[in-house]
Amino acid sequence: MKTRPAKNRQSIPAPLFLGLDSSTQGLEATVIDAACRIVAESAVQFDADLPAFKTQGGVHRHPDGLTVTSPPLMWVAALDLLLARMKKAKMPLDRIAAISGSGQQHGSVYLRPGTDRVLKNLAPARSLAQQLRDVFSVNASPIWMDSSTTRQCQERDAALGGPQAVAELTGSRSYERFTGNQIAKIVREHPEFYRATERIALVSSFMASLLIGDYAPIEPGDGAGMNLMDIRSRRWSKKALDCTAPGLAAKLGAIVPSHSIIGILNPYYVARYGFSPQCRVTAFSGDNPNSLAALGLAQSGEVAISLGTSDTVFGALSEPRPSATEGHIFGNPINPKGYMALVCYMNGSLTRESVRDSFAGRSWKRFEDALSATRPGNGGKIGFFFKEPEITPPVRKPGIFRFGADNRPTDAFRPEENIRAVVEGQFLSMRLHGRNIGLVPKKILATGGASVNRSILRVMADVFGVPVYIGSQANSASLGSAYRTLHGWHCVQARRFLPFTKVIKPAECFEKTFDPDKTNHRLYTALLVRYAKLERWVTDK
Ligand code: ADP
Ligand code: XUL
């Protein structure tokens, strides 16, 4: 647990803004001031801090190997624990003017009739968990790691005209973890649970409900992760609802713009923790949309590449370009008319590490030297390093595939050629698949653990042909939530919508690190044609 109190409290101007992040493994809080400076942080880890729920990594994996759930009461208990810690650390909770938050995407919470009354009448003397233990009609909430709904995906695809039609309608083809398919599975396997449900919430809107003491609406950033929302109108799609479950519209509630103030903080938190009775709550969104908000990506062409455990490419889009083969389109949480696209890779840092370990003596320094010792384009050699099954493009069976300049398979790359091949291959893939879903960067913000490696960023700039920026700011969903609630607060003060980037000026700035080399970029553009053909060959195998 890390809880650090605000520093130099006298010098920090009121008011403050709180962003929460209910993620897979824990609940995190970031408090900022009106100048976007972080003044306090706190966190709860589910496994260590709430052992009674017996989770591993915050989840329960079921014996079928496909079903993954979390106990929703754990998320409730975590909120009390986090706020109690913040109060004990003497954080100035009374100065918090507005709260927003983030939830792991796709996960769902099933609430019995009358839960809204229980939420409205919370008694400050008793814990949330004591008062809410009986409100769940499903005690094991399906989460994003669940892949048990293949049958429902196929059935819903068939009803809606196939994967591309589902992607066109909802922003993504049917994915097992997406909420609509999870709801359809509950209806099929436990119709009595579904009948006993008055409201279905996402993790994000559920956490918001706890704060406002009422059912909270869903917004288009997280709502797009359900395969139920029309991505263009940002309303529930009647045909997507109809082929999922009877009477679903009434159980889902409304979809509101992401910057909407959805309520005033419930008196429970005023009495128990000392919050202000005027504290407002802004709609909660998903963790990926909130990470986009943390980086302020509001306009088309603003793209972030996160080189973390897995690699993700995400960015703002003005027009959705949904694809049945790669990526997702979500509503952009900081631009009510805009969209965001996200492409996710399983083979990210761990795959680069494994190539480093095999060919650069486990040293990043030698990895960098190898990149310097080889020429951009690798003499025409191209490699595919699927150490793990891949999400983009879908590859079930791990394997390594190497090709010479003549497109013939080969096993014989020199050690340094393997290193160049893994890095170039990853960025060529991001350029190819990002473009397929409309992500064509004008500049790239590089984040995540591997963004410290300048030789990797050099290749990134040349492959995409745009400048690459780096910054020390974490790619954090709780910070993005705090920015969003500060934005919502400004809109209320101004009594109109203000562009996010006009009022949110992140304290940490990104610095330009590389401009692309035009000759190298032309070379990569030519290589991409061969890369795409070889990728088709590898994935058809
Ligand atoms: P997470 O997605 O779990 O938050 P991080 O963003 O912290 O992960 O990234 C962790 C990864 O960063 C490690 O797996 C490691 O491979 C990578 N990394 C750390 N230092 C370097 C470096 N100098 N060069 C390339 N990759 C690095
Ligand atoms: C996104 C996804 C994950 C979860 C993790 O589609 O499934 O990134 O949001 O929290």
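Everything numeric here is computed off the predicted structure, so don't read it as measured data. Both ligands and their constituent atoms are indexed starting at 1 by order of listing.
Atom numbering of ligand 1 starts at 1 in the shown order; those under 4.0 Å from a heavy atom of Glu353 are 13 (C), 14 (O), 15 (C), 16 (O). Taking every heavy atom of Asn453 and a limit of under 4.0 angstrom, the matching atoms of ligand 1 come to 24 (N), 25 (C). Distances below 4.0 Å separate heavy atoms of Gln104 from the following atoms of ligand 2: 10 (O). Below 4.0 Å from some heavy atom of Gly448 lie the following atoms of ligand 1, by number and element: 6 (O).
In the model, Asn181 has no side-chain atom that pairs as donor or acceptor with a side-chain atom of Arg151 under 3.5 Å. For the residue pair Thr485 / Ser100, no side-chain donor-acceptor distance below 3.5 Å is found, with atom types taken as modelled.
Side-chain N or O atoms of Ser451 include one that pairs as donor or acceptor with a backbone N or O of Gly448 at under 3.5 Å. Without hydrogens or angle criteria, Asn227 side chain to Ser172 main chain gives a donor-acceptor distance under 3.5 Å.
Nearest protein neighbour of atom 20 (N) of ligand 1, counting heavy atoms only, is Trp364 NE1, 3.7 Å. Residue, atom and distance of the protein heavy atom nearest to atom 1 (C) of ligand 2 are Asn288 ND2, 3.2 Å. Protein heavy atom in closest approach to atom 2 (C) of ligand 2: His106 NE2, 3.6 Å. The shortest contact between atom 17 (C) of ligand 1 and any protein heavy atom is with Ser349 OG, 3.7 Å. Counting only heavy atoms of the protein, atom 7 (O) of ligand 2 lies nearest to Arg177 NE, 2.8 Å. The protein heavy-atom contact nearest to atom 1 (P) of ligand 1 is Thr309 OG1, 3.2 Å.
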Determine, stepwise, if the pair Arg321 / Asn436 fulfils side-chain hydrogen bond (donor to acceptor under 3.5 Å, both in side chains). CA-CA 8 Å; Arg321 291 256 310 267; Asn436 286 349; 5.7 Å; no
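Considering both main-chain and side-chain atoms, Gly449 comes within under 3.5 Å of ligand 1 through a nitrogen or oxygen pair. When only interatomic distances are considered, the shortest N/O to N/O separation between Asp287 and ligand 2 falls below 3.5 Å. In terms of polar-atom proximity, defined here as any N/O pair under 3.5 Å, His328 makes no such contact with ligand 2.
Ring planes of Phe367 and Trp364: perpendicular class, angle over 60° (limits at 30 and 60°).
Summarising the geometry, atom OG belonging to Ser141 is positioned 7.5 Å from atom CZ belonging to Phe206; distances are rounded to the nearest 0.5 Å.
Within the 4.0 Å cut-off (strictly below), a protein heavy atom is located near atom 6 (O) of ligand 1.
Using a 4.5 Å heavy-atom cutoff, the side chains of Ile231 and Met229 are in contact.
Between Asp21 and the options Ser478, Ser476, Ser102, a side chain to side chain donor-acceptor pair (under 3.5 Å) holds for only Ser102.
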